[in-house]
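See below for the structure under consideration.
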Amino acid sequence: MQGQVIYKVPGGKLLRVRVDFEEDIIAGLELKGDFFAHPEESIELIEQSLIGAIIGPEIEEILETLIEENQIELYGVDVNSIVTAIHMARECGETRWSSGS
Amino acid sequence: MAIDEAIAQTVSKTGKPTIRFYSWKPAAVSIGYFQGMKQEVNLEECRNQKIDAVRRLTGGGAVFHEEELTYSFSCPIESRIVSDNILESYKKICGALVNGFSEMGLKAEFAPLNDVVAEGKKISGNAQTRRFEAVLQHGTILLKVDVEKMFSILRVPDEKIKDKLVKSVKQRVTSLEQLLERNVSFEETAKAMKQGFEQEFEAKLVEGSLSEEEKQLAGKVKEERFSKEEWNFKR
């Protein structure tokens, strides 16, 4: 199953998330949008880190560890909003547009 | 884009912070590093209107570049001319633009993370990256704005609310022409911004042109990155 969502991060930027799910596991992930991440290449690291993760608290833990270990700085988007968007993509199963507020 | 990268690549070797003022010919749309080209840009309309489309090294949103002054600021990270803190460094570099607007008789202010606003409306958008041991920030200053044309090129997240979005952008974005109620040239704006940078960094800018090394590097970067579909369509 694939889920897509366009999520306006409250007080932040626009996050476009596409997730491929195999039951409760993330099989593919794409994070796009007008946010900032330093270094930029870390976005691929973030996407890859969640492949194989089970939908649930594990996602947040993986992201927080990765961001801390690699000193990634995110602006206009954060761990919470990525997790929220992934959950929304899971629920929607199609492109939905959310103001996030 | 290739020249901005070439300067940033060179600046840590020369140790000379560099500010560049430029415009786009033909008009172009640039998208942020993390954006999807096909999602953000109406490529068919770009072909019809002979508008280029390119992915930036920096994050942020899609920008339609036509009647504007674009600047790039590059300095070696280790020069500590700007803070290691990204927010602080945006504030410093955008502070130069605020000074420049002041030279033109306008009261503007930095609006974090990456905008400058005047009379409550956005007049400048900015984006920064740190690579090649350098800080590279580039941004736009709108001389004129044509929101309808902009949205003939830029896609919106939801076509159903396009009219509403166009209306909202018209209310939130302004230009030097609108603020000063007269035509404002690239040269006049560049002169004011030069003074703005000089004030903010307490430095005297020396006019120059690209070095041979920068020219060659720009050609190489254009060929290997910015003209390649692998780069422009990578997301």
Side-chain angles (χ1 to χ4, degrees), chain A residues 2-20 28-50 63 66-67 70-79 81-82 85-86 88-89 92 94-101, chain B residues 5 8 30-41 55-63 77 83-91 111-115 125-139 154-162 164-165 168 225 231 233-235:
Chain A
Q2 188 179 85
Q4 292 190 46
V5 69
I6 303 171
Y7 177 59
K8 169 71 178 70
V9 180
K13 305 284 187 182
L14 201 71
L15 179 59
R16 292 174 182 264
V17 177
R18 186 186 56 75
V19 198
D20 297 318
L29 174 67
E30 203 171 59
L31 301 171
K32 295 183 186 176
D34 59 354
F35 53 86
F36 293 87
H38 297 267
E40 285 76 10
E41 287 75 12
S42 62
I43 198 69
E44 278 96 21
L45 209 59
I46 291 173
E47 289 169 342
Q48 285 158 16
S49 74
L50 291 179
L63 288 175
L66 184 87
I67 285 167
N70 293 279
Q71 296 177 304
I72 299 167
E73 291 186 59
L74 298 173
Y75 295 94
V77 69
D78 57 12
V79 170
S81 51
I82 295 172
I86 289 172
M88 285 167 66
C92 295
E94 61 186 55
T95 301
R96 286 280 170 86
W97 175 210
S98 166
S99 72
S101 51
Chain B
E5 178 172 337
S30 75
I31 59 166
Y33 183 95
F34 307 103
Q35 294 188 299
M37 180 65 86
K38 288 177 186 164
Q39 283 163 327
E40 303 295 338
V41 183
R55 176 181 304 280
R56 297 191 305 270
L57 283 176
T58 50
V63 183
I77 285 180
S83 170
D84 284 343
N85 179 294
I86 288 171
L87 284 172
E88 283 300 315
S89 62
Y90 267 110
K91 192 178 174 187
L113 169 69
N114 58 323
D115 291 338
N126 305 273
Q128 188 185 122
T129 183
R130 290 168 181 235
R131 52 176 87 207
F132 322 120
E133 297 171 48
V135 177
L136 163 64
Q137 181 168 313
H138 43 205
L154 301 181
R155 289 195 188 281
V156 295
D158 186 346
E159 280 294 323
K160 293 194 285 291
I161 57 160
K162 186 170 179 172
K164 202 175 147 190
L165 197 72
S168 152
R225 191 197 297 277
W231 169 259
F233 291 83
K234 75 180 243 166
R235 296 183 77 78

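In what follows, chains carry the letters A, B, and so on, assigned in the order in which the sequence lines appear, proteins first and then strands, with residues in each chain numbered from 1.
For B:K164, the NZ atom is loosely surrounded, since the number of other residues' heavy atoms within 6.0 Å does not exceed 12. Counting non-hydrogen atoms of other residues, nucleotides and ligands closer than 6.0 Å to CD of B:E133 gives a total of 12 or fewer.
When every heavy atom of B:P157 is checked against every heavy atom of A:L14, the shortest pair comes out as CG-CD2, 3.8 Å.
Contacts of B:Q39 with chain A are made by both backbone and side-chain atoms, with heavy-atom separations under 4.5 Å. If you measure heavy-atom distances from B:K234 to chain A, the contacts under 4.5 Å come from the side chain alone. For chain A, no part of B:A62 is nearby; none of its heavy atoms comes within less than 4.5 Å. Heavy-atom distances place the backbone of B:L57, and not its side chain, under 4.5 Å from chain A.
Taking CZ of B:F34 as the start and CD of A:E30 as the end, the distance is 13.5 Å to the nearest 0.5 Å. Put simply, CE on B:M37 and NZ on A:K32 are 11.0 Å apart, with the number rounded to the nearest 0.5 Å.
Using a 4.0 Å cut-off between charged side-chain N and carboxylate O, A:E73 and B:R130 make no salt bridge. A salt bridge links B:R131 to A:E41: at least one charged side-chain nitrogen sits closer than 4.0 Å to a carboxylate oxygen.
The stretch residues 33-40 of chain A places A:G33, A:D34, A:F35, A:F36, A:A37, A:H38, A:E40 near chain B, each with some heavy atom under 4.5 Å from a heavy atom of that chain.
The residue among B:L113, B:I86, B:L87 with the most heavy atom pairs within less than 4.5 Å of chain A is B:I86.
Formation of a donor-acceptor pair under 3.5 Å by the A:R16 side chain with backbone atoms of B:Q35 is not found in this model.
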